[in-house]
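Residue numbers start from 1 in every chain, and the chains themselves are labelled A, B, ... in the order their sequence lines are given, proteins ahead of strands. Computed from a predicted model, the values in this text were never measured in an experiment.
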Amino acid sequence: MKPDVLKKQAWKSQGPPSDKTRKLTFIQAVNEAIRQAMREDPTVIVMGEDIAGAPGREEQGFIDAWGGPTRLTKGLIQEFGPERIRDTPISEAGFVGAGVGAAATGLRPLVDLMYAGFFGVCADQITNNAAKMHYMFGGKVNVPLTIMTNIGAGANSAAQHSETIYSVFAHYPGLKCVVPSDPYTAKGLFISAIRDNDPVIIFNHKLLMGMRAGPEVPEEPYEVPIGKANVVQEGADVTLTGVGYTTQICIEAAAELSQQGYSAEVVDLLTVSPMDEETVLESVKKTRRIVIVDEDYPRCSFASDVSALVAEQAFDYLDAPPCRVTPPHTLVPYSLALEPLFIPTVERVVAAATEVLQ
Amino acid sequence: MKPDVLKKQAWKSQGPPSDKTRKLTFIQAVNEAIRQAMREDPTVIVMGEDIAGAPGREEQGFIDAWGGPTRLTKGLIQEFGPERIRDTPISEAGFVGAGVGAAATGLRPLVDLMYAGFFGVCADQITNNAAKMHYMFGGKVNVPLTIMTNIGAGANSAAQHSETIYSVFAHYPGLKCVVPSDPYTAKGLFISAIRDNDPVIIFNHKLLMGMRAGPEVPEEPYEVPIGKANVVQEGADVTLTGVGYTTQICIEAAAELSQQGYSAEVVDLLTVSPMDEETVLESVKKTRRIVIVDEDYPRCSFASDVSALVAEQAFDYLDAPPCRVTPPHTLVPYSLALEPLFIPTVERVVAAATEVLQ
Amino acid sequence: MANTSATLDKKTLLWMYETMVVIRKFEESSKREADAGKLRGMHSSIGQEAVPTGISAHLRDDDYALGTHRSHHHCIAKGVDLNEMMAELLGKATGTNKGKGGTMHIADINKGMLGANGVVGSNIPVAVGAALSAKVKGNDSVSVVYFGDGAANQGSLHEAMNLASIWKLPVIFVCENNRYAESTPFEYSVAGESVAKRAEGYAMPGVEADGQSVLEMWEVGKEAIRRARAGEGPTLIEAMTYRYHGHFGADDPLNYRTQEEEDYYEARDCVEQLKNHILDTGKATEEELASLDEKAGVSVSAATKFADESPFPLPEELTTDVYVNV
Amino acid sequence: MANTSATLDKKTLLWMYETMVVIRKFEESSKREADAGKLRGMHSSIGQEAVPTGISAHLRDDDYALGTHRSHHHCIAKGVDLNEMMAELLGKATGTNKGKGGTMHIADINKGMLGANGVVGSNIPVAVGAALSAKVKGNDSVSVVYFGDGAANQGSLHEAMNLASIWKLPVIFVCENNRYAESTPFEYSVAGESVAKRAEGYAMPGVEADGQSVLEMWEVGKEAIRRARAGEGPTLIEAMTYRYHGHFGADDPLNYRTQEEEDYYEARDCVEQLKNHILDTGKATEEELASLDEKAGVSVSAATKFADESPFPLPEELTTDVYVNV
Ligand SMILES: Cc1ncc(C[n+]2csc(CCOP(=O)(O)OP(=O)(O)O)c2C)c(N)n1
Ligand SMILES: Cc1ncc(C[n+]2csc(CCOP(=O)(O)OP(=O)(O)O)c2C)c(N)n1
Ligand SMILES: [Mg+2]
Ligand SMILES: [Mg+2]
């Protein structure tokens, strides 16, 4: 999976496509992305539980009661109506499967899977149909399906509602997986994903939802390319890689490290599959050290992939073994006293970096 | 996940527990394991589609029509009856879930999931209930559930019926995953799994089913410990790790390498989760080179884990970067002309070993 | 539905009254704790007290109950200790689950509470397994699984009903139809607008019951559990009920339902109804009931105090209980 | 079921006859190829020809059909090219799927064949999505999904029926009840022993039909497809049929069913029945039918020859088509 020439160009260096930029929250940025994608293409529809809310009660004066479990789709039903903003029963296998079928027959469905852990009830549709149809059918059918889902611990929701399991999806050839790290990348990745002709899953971390930081968000639609990592911050001594929320952890850790006199390069991986191997390898060949920060479970994970990639393809450049900062091989605990110990923290990243820098 | 003292003892060195050993096929060995486990413990039951066959037709003279899709359970219903050998409808979420509930309330169910890819329709029961109940319930409920399932390409069954996706299961804390490589390990791992108090998934490779090779199989019940790899063959120049079917590939590759004058150590990993890190590290610290052979998809995989482990914890011992021999990031093709290109072969392993040996 | 309340003895009536009052007070207290920031993600069961209470009146400790994300009432009705429950909500080491599960996962195997479950529909097959255990072991325990009207559209229900029916397992499927799944009205999401009616396709009785009447719940529960214990197979009960609060703390239900509708259901409040029935039939006096109210208040306060004062789990608990044996 | 065969024109009757004969000969040929080791894992549809034939008589290329592991008959009835189908079975580059999918995954979007599918029950929600496409785009295409009696116990069917019903989607759910799922008899696995009856719980018509009578399949198909095109919503059809062979090549069905039962169904063979009907009603002569038999034989032989002589895919095809764009 070599990134092609196009992907080699750092997309950030092209600059924002407009001067009309605003500080939006992550939610606002996503909402705008979906709205614009729906305006530009009438085949885009959205499905999910409570993505509008109070379905069927327009006559009683109720509409858009929820606007999505995390309000990502708020206000869309007023513009696009219930045919395109479609509330579903709690039948994920049913409506994700319907998303696959709709995608294979000319629509571009965006389907909301409330939490990534609910993958369990619709895994067949994602892994056996969405991921495989294009290949099994000899390339003759496309499945331009986008799934958006919530990930992450930090809200005391316990083991079933706090998973960050993009590694599972990335395991399957045929799926693309992207993880926005701020409002800017969220808008761009949503637009790229919806326009993409392959099934793409977008993983939104709970803790980023209210976030307003990062680059300002241009008004018009723009793409953040799928398959391309972003060097958020250049550095010379050590590479810190983050995904989604952990990119923010890495940025903070880099600031602390700089106070200790170390120059850390922060790579925001952004796409879990296909992985941008080149950007990671280039960075680590320069810094000769890497700390991989990820909130997903450690076994058979994206973090393992990055570590293995660097070990295998930049072996001679490394001054220290690759180092992963992930949760331990455990589930997400409920207690306020335990949950913070699960999530990678700035302190743990700084400590790991300091160690590889010895 | 450090292997404890017990696991450190190489179980093979204890020798077979009996002189009464036979050349059994993989199927026979598994069948015997299940039979013995059921004899020794009346709470062991088996559930699955067609595990006996012709259910409800005893009166018409039909019984045990199939004995399991791969005949692993043939003849058991005659001894244990339909209460304990329970044919199911095609409702994997239903009967795997029932397995979880039965396990949590005092039975030791062995549930057959015909192919690992059917995980899709019952993933919720495995990942959200089986894997999590013990933890979420504060350690107060055990789930001694065993799932057996088929993996592997090589039978022209195309993308949905040929997957080797143990990496997905190993990703989830709370699950144990074992992969027998021959009749001897099959019998021992089945007995260990059924007796184990955690949920264990046993992955049986299609191509091993008729196999009669490997150590002879003792008559009485014995355990192959979960969490322990086995050094099948000692060597000095390079470590080859295999899992299940690829262990056989490694053994053959080692023979070829020896003809070329290289001494390869073959490690049969046997347990995918929890991984026996120690045995791998010991071996690689000795040979200073490793080729990791695995048929699962390469991304976020067990092979990545082994590579990352070695890179991170044996960095200073390595004379060459770790090397993985896996399928490319693609699905399993149907055509007789393509499928053999998917599976790791002896030639590819020998080539990889030769390269790291340069 | 024949009203057999006349046949109900005082003890049962008062147990049901007290149980419902305890549930309500527990939920009021847990809401206060949530509002104070001590827990998050709580789904209040206020309004639905009668459903598990009427059913649980027939259950023993060696019967199983399985719940949902909204399960405090199921747990209390099944006899789970209030102190341990409240401690669990606050993530304390003394909680039912040692603080690891929280509000959506309360379990107490000794009381037969096999766990609440945060994945909608997920527990339904698990309940079939508990019933299978009873059958294989040859005892007469039964398994009750609660789920919402929203959960009725999960495939797991249908697989489970089919399995339980062909194997004649002692399962009671109890749908708490509170008319909403989050903001999604029942009449939108459930084709045919009846969960009970679906039972017929699986050759099992499907009974619709007034979930605001604990007497009616007691009645339908009695027959379903009798059937199950007698080896006659499963029953599906659709209990028509209502949640008074939003789906979770921050949800304002008036965004999707009317004040009139809320008033209608509150006017038929299950606790009030039972109170009136007891007083009308002279089974107990105002004072007796008031003393039960007070007793309930005392136990809930004590539970809250116990929870507040309990220690948090130690850091090493993060990685214990992942496996029984490593 | 009113027998309207009298109203059926000769053209339709002969198309159905020819289609069924082609299916049978195709399956005989593919079995020979399988016996010769050129393909594995084939599930023969012999005996079930009438089901998709009667339905497909009402379908257009822009209608969708979705199948199962046993789907050669669905594909042929939907008009998929025989040459490309047989080439696909042999894993050739000229196959419908370029040799990548094989017997369980034949698809041809131009003919509306949206794919066979090897996971039992998996295609049912996908069919709902195809119907949703039609609805959103505002055309009158319909979506037909075939599945077995065994698949009826997958939760996906129930989720899909509910969705299709509440959204009034143009889906026709066709259960091919051939009485067995592998070796598991229908009467063991399906509680209530009727798939059609389950439709009622989802507020849609559930029709049981004689799947050995193509005339009856034509009849029930006509009404279901009319309903769907008219926006009146989905229908569930349970077609009672029989597979003559084992579940797959190596399976001996006499391990789980009687010779009498086989004889009973073979005596009611769908091809023979239609033949007799055509001759009895004088819609065509023996000679006309014989010439269709021969024509079918010729096309199947040609397809087999085409497949045999076609090249295998090139090695690089292993990794193409994983993504549309990388
Ligand atoms: C599989 C799954 N999908 C979605 C959710 C999110 N969710 C939690 S509760 C809920 C509504 C459940 O409605 P219902 O079953 O009627 O129960 P109620 O909340 O009314 O008690 C939803 C959609 C979930 N927890 N699990
Ligand atoms: C989810 C799933 N479970 C099990 C299987 C294995 N399997 C393949 S066909 C089959 C029987 C299907 O029976 P039915 O639906 O009646 O179709 P039929 O074979 O009779 O046409 C089974 C169990 C599968 N392919 N997918
Ligand atoms: Mg509800
Ligand atoms: Mg069948």
- Does B/Glu59 have any salt bridge (charged side-chain N to carboxylate O under 4.0 Å, His left out) partners at least two apart in sequence or in another chain, and if so, which? none

- Listed by chain and number, what are the salt bridge (charged side-chain N to carboxylate O under 4.0 Å, His left out) partners of D/Glu262, not counting sequence neighbours? D/Arg257

For chain D, which candidate among [options] shows the most heavy-atom pairs at distances under 4.5 Å?
{"options": "B/Asp50, B/Leu341, B/Leu331", "result": "B/Asp50"}
{"options": "B/Phe118, B/Phe342, B/Tyr115", "result": "B/Phe342"}
{"options": "B/Leu336, B/Ile90, B/Val121, B/Leu338", "result": "B/Ile90"}
{"options": "B/Thr88, B/Asp87, B/Val332", "result": "B/Asp87"}
{"options": "B/Gln60, B/Glu339, B/Arg57, B/Met114", "result": "B/Arg57"}

- Is the closest side-chain donor-acceptor distance between B/Glu92 and B/Gln125 under 3.5 Å? no

- Item | Donor-acceptor pair between D/Thr103 and D/His72 side chains, under 3.5 angstrom | yes

- Query: What about the rings of D/Tyr180 and D/Phe186, do their centers lie closer together than 6.0 Å?
  - Reply: no

- Message: Taking the ring centre of each residue, are D/Tyr264 and D/Tyr242 less than 6.0 Å apart?
- Response: no

Top contributor to chain B contacts, counting heavy-atom pairs under 4.5 Å, from [options]:
{"options": "D/Thr184, D/Leu39, D/Val322", "value": "D/Thr184"}
{"options": "D/Asn97, D/Asp252, D/Asn117, D/Val190", "value": "D/Asn117"}
{"options": "D/Lys92, D/Glu182, D/Glu187", "value": "D/Glu182"}
{"options": "D/Gly101, D/Ser189, D/Ala181", "value": "D/Gly101"}

- Message: Are more than 12 heavy atoms, taken from residues, nucleotides or ligands other than D/Glu28, located less than 6.0 Å from that residue's CD atom?
- Response: yes

- Task: Check whether more than 12 heavy atoms from other residues, nucleotides or ligands sit under 6.0 Å from atom OH of D/Tyr64, and answer yes or no.
- Result: yes

- Task: Show the numbers, then the answer: is there a side chain to side chain donor-acceptor pair (under 3.5 Å) between D/Ser29 and D/Thr304?
- Result: CA-CA 7 Å; D/Ser29 183; D/Thr304 310; 2.8 Å; yes

- Identify which part of B/Pro55 has an atom lying under 4.5 Å from any heavy atom of chain D, answering side chain, backbone, both or neither. both

- In terms of heavy-atom proximity below 4.5 Å to chain B, should D/Ser156 be classed as side chain, backbone, both, or neither? neither

- Item | Toward chain B, the part of D/Thr258 with a non-hydrogen atom under 4.5 Å | both

- Report the distance from atom OG of B/Ser335 to atom CG of D/Leu318, rounding to the nearest 0.5 Å. 10.5 Å

- Considering heavy atoms only, which positions within residues 63-84 of chain B lie below 4.5 Å of chain D? B/Ala65, B/Trp66

- Query: Among residues 151-166 of chain B, which residues come closer than 4.5 Å to chain D, judged by heavy atom distances?
  - Reply: B/Gly154, B/Ala155, B/Asn156, B/Ser157, B/Ala158, B/Gln160, B/His161

- Worked check of ring pair (Phe, Tyr, Trp, His ring centres under 6.0 Å) between D/Phe173 and D/Tyr146: CA-CA 6 Å; D/Phe173 299 96; D/Tyr146 301 97; over 10 Å; no

Determine, for [X] against [Y], whether the closest basic-nitrogen to carboxylate-oxygen distance falls under 4.0 angstrom.
{"X": "D/Asp308", "Y": "D/Lys38", "result": "yes"}
{"X": "D/Arg179", "Y": "D/Asp149", "result": "no"}
{"X": "D/Lys31", "Y": "D/Glu27", "result": "no"}

- From CA spacing to verdict: ring pair (Phe, Tyr, Trp, His ring centres under 6.0 Å), D/His69, D/His247: CA-CA 10 Å; D/His69 55 287; D/His247 172 66; 5.7 Å; yes

